[in-house]
Each structure stands twice: as structure tokens, then as C-alpha cells.
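Here's the structure we're looking at; comments come further down.
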Number of protein chains: 2
Amino acid sequence: MEKAATYLINHRIRPSVQRMAIMKYLLEHKTHPSADEIYLALSPSMVSLSKTTVYTTLKLLTDHGAAQMITIDEHNACFDADTSTHAHFLCKSCGNIYDLFSQKDSKEVLPFDLEGHDVTEMHYYYKGFCKNCISRKDE
Amino acid sequence: MEKAATYLINHRIRPSVQRMAIMKYLLEHKTHPSADEIYLALSPSMVSLSKTTVYTTLKLLTDHGAAQMITIDEHNACFDADTSTHAHFLCKSCGNIYDLFSQKDSKEVLPFDLEGHDVTEMHYYYKGFCKNCISRKDE
DNA sequence: GTGCTTGCAAATCGTTTGCAATAGC
DNA sequence: GCTATTGCAAACGATTTGCAAGCAC
């Protein structure tokens, strides 16, 4: 069976054609696409696909823990099939969002006092100028 | 002179009546208000105030480092006059945003490998259920 | 055939823009 | 008077909603 279908079933989501296509896209494109980007990428090969379905599916995936919504860019939500704890970096020049992972030798625990709140989600966002844009400027 | 006026001048922003009112509101209300909340709170006493001015002023404050924009809630941007590095916690039940500060004995540096990117902003967001909502449920 | 899923069109709502009126040096 | 600032109304754009048609077990 396809990886995307398995992934959906494991998260207790019925694998429709549309849902599999969107899940597959998220699993294969680690670029943190927006709903619109997913729609634009898939609609040529899925002519009947509607943007509404993309939105509802992304909400479904997020609610079932099959993806996470990233709000680092205030203009539109982005999505990531990797729900493990990692940080995101938004380049203010090119707009790309990069994944940042923990350094090998550091603790997983972050230095904030949670004051008795029950934390279910953690989002670590960094903004600035990415390596590529910096070296481009130097030329 | 008023604290808000001084604060604006220190950030090289001309202190107009509207800007002072908005800055004052942010300094006195640590509740991370949205543009709309600020507008609704100020408009009774500043009848001529327009929402446009609130938006442009908040952008000005953010650009000059006199406030920071928080995108923890995907529905609308919130603002915080405290630009020091601290985390935010959004309660999914009551919608309140709380400040979280560093634990005394921990390092300031977070365990993510920045991979050579130039970081200018850091945002640490936690979501879940706040202390108050948890104890309310227990009753 | 009953309930879940999809897709269209319209609505919603936070935010931005164009532009004319106003205020402050 | 000239420039920065304000405020109205309209535009914009991402997302949501209402609802009818289609699909799956």
C-alpha cells in the first residue's frame, strides 16, 4: 500500500483519493507549503480538486496529529507532516522556511518555566536571513 | 513626561496623541492584545481614532523595536511591548496568552542548531490548557 | 440509503491600500 | 507652507460556511 494511505490509516483518517494526494504531497515536500501552494501543485493532475477540500483536509490532518500547522508567517498558515519537536526558521529575504533540529549534545528540555500549565504543543520559530541569502549578498 | 512618550522617543518614533495612547495601552496591558482589542479599548475615549491608525502604529512600533508581533494565534496577530526574549503560552480553552520566562538556573541558549543562518527574531510558543482552566475543570 | 466527503459560490473577517483631510513644526 | 500623520471607504486575500451533489460501505 502507498505510504500516504498507511500514514492516514495510522492516524485514524479514511484515505480518500484527495486526502492521500495531500498527505503524499506533504510527506514528499518538506518545504512547509501553504494550503494554496498544495492546491496549485495538485490541481493540474486533480482537476476536480477544490481549495475547500485542501483546507478541510489540512484541518483534519492537524486535528489527528498527522501534520502540524505552522504560523511563523503571519500571512498564511503552513503545514508540516513532521510532527516531531523541531524548530523552524523563516528567511525574511527569500521567504523559505527551514527545519532546525536539536544539537546532539543538548537537552530536550527548554529553559522556560511552564508554571503549571498543561502543554500540548510547542512551536519554536526563528526569523532572520538564511545562509543562502547571506552568501548571495556577499557576491 | 509620560512614560509612553519617553518610550516612543527612545525608539525614534514621533509621539503623536494616537501613538502615545496605543503605546500606553500596550505598556499597561500585558494581555497581548490584538489590533482590534486595542481599537475597541481606546475608541470610547478617542472617538476619532481609526482602526487604520491602530494598524499602522502597531507596524511602526514593531519595525522600531518598541513592540513585538506575536503570531501564536493563527486568527489574529497580537502585540507585546516587552521585546525581551520570553516565551508565550496560549490556552486553547480560554484563549488567554501568558508570558513564560526563563528558569533561573538554565542557559539562555536554546538547543537548536542554527546552521549558519542569521537570526534576528526568536519566538517560542506553547499551546495547551492553562492552570486556571485545569482547576476550573476539576471542580 | 444513509452518512461521510467533496466542491462550488458566497460570506466572513483581519489587514492593507488609495487618497483626501488634518495637524505640527 | 511643507511634510508627516490620520481616517474614511474600498479593496484584498486567506479562510470558513451553507448547501447541494457525489461517493462508499
Side-chain angles (χ1 to χ4, degrees), chain A residues 1 4-5 8-9 11-25 32-64 66-79 90 95 97, chain B residues 1 4-5 8-9 11-25 32-64 66-79 90 95 97:
Chain A
M1 204 193 298
L8 289 176
I9 292 166
H11 288 88
R12 302 173 314 286
I13 299 169
R14 254 201 241 174
S16 72
V17 180
Q18 292 86 343
R19 289 170 181 175
M20 283 193 289
I22 292 166
M23 188 75 248
K24 187 170 191 285
Y25 188 86
H32 314 90
S34 64
D36 197 56
E37 279 164 10
I38 296 170
Y39 172 74
L40 289 175
L42 296 180
S43 58
S45 50
M46 283 191 78
V47 189
S48 78
L49 182 68
S50 82
K51 216 176 257 189
T52 307
T53 301
V54 177
Y55 277 106
T56 54
T57 300
L58 288 171
K59 178 149 187 15
L60 193 75
L61 297 180
T62 304
D63 289 347
H64 285 242
Q68 66 169 319
M69 181 192 284
I70 297 166
T71 60
I72 193 171
D73 177 2
E74 68 260 34
H75 298 300
N76 44 31
C78 300
F79 295 86
L90 170 70
I97 296 173
Chain B
M1 200 193 301
L8 289 176
I9 292 165
H11 288 88
R12 302 174 314 287
I13 299 170
R14 255 201 240 176
S16 71
V17 180
Q18 292 86 344
R19 288 170 181 175
M20 283 193 290
I22 292 166
M23 188 75 249
K24 188 170 188 287
Y25 188 85
H32 316 90
S34 64
D36 197 55
E37 279 164 10
I38 296 170
Y39 172 74
L40 290 174
L42 296 181
S43 57
S45 52
M46 283 191 79
V47 190
S48 78
L49 182 68
S50 81
K51 214 176 258 188
T52 309
T53 302
V54 177
Y55 277 105
T56 54
T57 300
L58 288 171
K59 177 148 188 16
L60 194 74
L61 297 181
T62 304
D63 289 347
H64 285 242
Q68 67 169 320
M69 181 192 283
I70 297 166
T71 60
I72 193 171
D73 177 3
E74 68 259 33
H75 299 298
N76 44 29
C78 300
F79 294 86
L90 169 70
I97 296 173

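Sequence lines set the chain letters: A, B, ... in the order given, protein chains first and strands last, and positions in each chain run from 1. Note that this is a predicted model, so its numbers are computed, not measured.
Here the side chain of A:His32 pairs no donor or acceptor atom with the backbone of A:Phe79 at under 3.5 angstrom.
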Would you be so kind as to tabulate the donor-acceptor pairs closer than 3.5 Å made by side chains of residues 56-63 of chain B, with sequence neighbours excluded?
from    : atom 1 : to      : atom 2 : distance (Å)
B:Thr56 : OG1    : B:Thr52 : O      : 3.1
B:Thr56 : OG1    : B:Thr53 : O      : 3.0
B:Thr57 : OG1    : B:Thr53 : O      : 2.7
B:Lys59 : NZ     : B:Asp63 : OD1    : 3.3
B:Lys59 : NZ     : B:Asp63 : OD2    : 2.9
B:Thr62 : OG1    : B:Leu58 : O      : 2.8

Donor-acceptor pairs under 3.5 Å, side chain of residues 18-25 of chain B to any protein atom, not counting sequence neighbours: which ones?
from    : atom 1 : to      : atom 2 : distance (Å)
B:Arg19 : NH1    : B:Arg14 : O      : 3.1
B:Lys24 : NZ     : B:Glu28 : OE2    : 3.2

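Residue B:Arg19 contributes atom CZ, which lies 11 Å from atom P of D:dG7 at whole-angstrom precision. For B:Ile22 and D:dG7, the CD1 to C1' distance is 12 Å, given to the nearest whole Å. The distance between atom OH of B:Tyr55 and atom P of D:dC12, rounded to the nearest whole Å, is 18 Å. When the P atom of D:dA14 is taken as reference, atom CG of B:Asn76 falls 17 Å away, rounded to whole Å.
The heavy-atom pair separating B:Pro44 from B:Leu40 by the smallest distance is CD-O, 3.1 Å. The two residues A:Cys78 and A:Ile97 make their nearest non-hydrogen contact at SG-CD1, 3.8 Å. Here the shortest heavy-atom pairing between A:Ile13 and A:Ala66 reads CD1-CB, 4.3 Å. Across all non-hydrogen atoms, the minimal contact from A:Ala35 to A:Val54 is O-CG1, 3.6 Å. Of all the heavy atoms in B:Leu49 and B:Ser43, the pair that sits closest is CD2-N, 4.4 Å.
Residue pairs that meet the salt bridge (charged side-chain N to carboxylate O under 4.0 Å, His left out) test with at least one member in residues 37-53 of chain B, sequence neighbours left out, are B:Asp36-B:Lys51. The stretch residues 66-75 of chain A participates, sequence neighbours left out, in no side-chain hydrogen bond (donor to acceptor under 3.5 Å, both in side chains) pair at all.
For residues 36-53 of chain A, proximity to DNA chain C is found at A:Ser48, A:Leu49, A:Ser50, A:Thr52, A:Thr53, defined as any non-hydrogen atom under 4.0 angstrom from a strand atom.
Protein chain A contacts DNA chain C over a range whose 5' and 3' limits, counting nucleotides with an atom under 4.0 angstrom from a non-hydrogen atom, are C:dC4 to C:dA9.
Across all strands, B:Gln18 comes closer than 4.0 Å only to sugar-phosphate atoms, never to a base (heavy-atom distances).
Comparing B:His75 and B:Thr56 along DNA chain D, the residue whose closest nucleotide (by nearest heavy atom) sits nearer the 5' end is B:Thr56.
Taking B:His64 as the reference, nothing meets the ring pair (Phe, Tyr, Trp, His ring centres under 6.0 Å) condition, with sequence neighbours excluded.
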Can you name the atoms? Protein N/O to nucleotides 23-25 of chain D N/O, anything below 3.5 Å, with the distance.
none

